[in-house]
> 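Got a structure for you, written out below as structure tokens; questions coming shortly.
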Amino acid sequence: MSQEIEGADKVFKALADASRRKVLDLLYTENGQTLSALCEQLDMQRQSATQHIDVLIGANLVSVVWKGREKLHFINPIPIHEVYERWVRKFEKNRLGFLYDLKVQLEGENDGKK
């Protein structure tokens, strides 16, 4: 299995859990939070939060930076963008093409001019 597919599988697995999506939402709102700050906003024990964050780190959705004795967590949007480019964008293109064709058909050859 290629590294690209393995990486996408990890991203999909990470995004499949509501608690992990909430962590990403929290980091999107305020990037660079400590585990303690994240735990205050999550409805789970510290150990559970750590396990969820480790999955996000493994999927490269969260990166860690040490600042002195603090371990800060930052969202990494690149893997989500890669999923968008691979899985979402191509479907949008077809839909937009269909809508354009429908517009042309409804407006006729005069391009909507009267």
> Side chains of Val83 and Phe12: closer than 4.5 Å at any heavy-atom pair?
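Yes, close enough: below the 4.5 Å cut-off.
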> Can you confirm whether more than 12 heavy atoms, excluding those of Asp43, are under 6.0 Å from its CG atom?
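No - once you tally the heavy atoms of other residues, nucleotides and ligands closer than 6.0 Å, there are 12 at most.
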> Sequence neighbours excluded, which residues qualify as side chain to side chain donor-acceptor pair (under 3.5 Å) partners of Glu82?
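Partners of Glu82 under the side chain to side chain donor-acceptor pair (under 3.5 Å) test: none.
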> Can you check whether Asn60 reaches Ile78 side chain to side chain, under 4.5 Å on heavy atoms?
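Answer no - side chains too far apart.
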> Return yes when atom CD of Gln45 has more than 12 non-hydrogen atoms of other residues, nucleotides or ligands closer than 6.0 Å, and no otherwise.
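Open.
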> Using side-chain contact (heavy atoms from CB on, under 4.5 Å), reason through Lys71 and Thr34 one step at a time and then give a plain yes or no.
CA-CA 6 Å; Lys71 184 178 179 182; Thr34 63; over 6 Å; no
> What's the spacing between Ile80 CD1 and Leu61 CG if we round to 0.5 Å?
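Ile80 atom CD1 to Leu61 atom CG measures 5.0 Å (nearest 0.5 Å).
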> With rounding to the nearest 0.5 Å, note down the distance linking SG in Cys39 to CD in Gln47.
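It comes to 11.0 Å.
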> Taking atom CG of Asp17 and atom CG of Leu56, what is their separation to the nearest 0.5 Å?
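Going from CG on Asp17 over to CG on Leu56, the span is 8.5 Å.
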> Could you check whether any side-chain heavy atom of Ile53 comes within less than 4.5 Å of a side-chain heavy atom of Val23, counting everything from C-beta outward?
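Contact flag for Ile53/Val23 side chains = yes.
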> For Arg46, which residues count as a side chain to side chain donor-acceptor pair (under 3.5 Å) partner, sequence neighbours excluded?
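Counting only residues at least two positions away or on another chain, Arg46 forms a side chain to side chain donor-acceptor pair (under 3.5 Å) with Ser36.
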> How close do Val11 and Pro79 get, heavy atom to heavy atom, and via which atoms?
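Closest approach of Val11 to Pro79, heavy atoms only: CG2-CB, 3.6 Å.
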> Tell me who clusters with Val55, hydrophobic residues only, linked when side chains sit under 4.5 Å apart either directly or through other members.
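Besides Val55, the hydrophobic cluster comprises nothing; the residue is isolated.
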> Measuring from Met44:CE to Thr50:OG1, what's the distance to the nearest 0.5 Å?
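If we round to the nearest 0.5 Å, Met44:CE and Thr50:OG1 are 10.0 Å apart.
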> Side-chain heavy atoms under 4.5 angstrom apart, residues restricted to Ile, Leu, Val, Met, Phe, Trp, Tyr: same cluster for Leu72 and Ile75?
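Different clusters: Leu72 never reaches Ile75 through Ile, Leu, Val, Met, Phe, Trp or Tyr contacts under 4.5 Å.
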> Starting from Leu24, can I reach Leu38 by hopping between I/L/V/M/F/W/Y residues whose side chains sit under 4.5 Å apart?
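Same cluster: Leu38 reaches Leu24 through Ile, Leu, Val, Met, Phe, Trp or Tyr contacts under 4.5 Å.
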> List the atom pairs, donor and acceptor, that lie under 3.5 Å between side-chain atoms in residues 63-70 and the rest of the protein, sequence neighbours left out.
none

> Quick one: list whatever passes salt bridge (charged side-chain N to carboxylate O under 4.0 Å, His left out) with Glu30, sequence neighbours left out.
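Once residues adjacent in sequence are excluded, Glu30 has no partner under the salt bridge (charged side-chain N to carboxylate O under 4.0 Å, His left out) criterion.
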> Looking at CG of Leu42 and NZ of Lys22, how far apart are the two atoms once the value is rounded to the nearest 0.5 Å?
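Separation between the atoms: 5.5 Å.
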> Working to the nearest 0.5 angstrom, can you tell me the gap between Phe98 CZ and Lys103 NZ?
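Reported to 0.5 Å precision, the distance equals 14.5 Å.
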> Side chains of Tyr100 and Leu102: closer than 4.5 Å at any heavy-atom pair?
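No, too far: nothing below the 4.5 Å cut-off.
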> Please tell me if the side chains of Leu27 and His73 come closer than 4.5 Å, counting only heavy atoms from C-beta onward.
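Yes, at least one pair of side-chain atoms sits under 4.5 Å.
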> Can you sort out the partners of His52 under side chain to side chain donor-acceptor pair (under 3.5 Å), two or more places apart, ordered by chain and number?
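Only Arg20 meet the side chain to side chain donor-acceptor pair (under 3.5 Å) criterion with His52.
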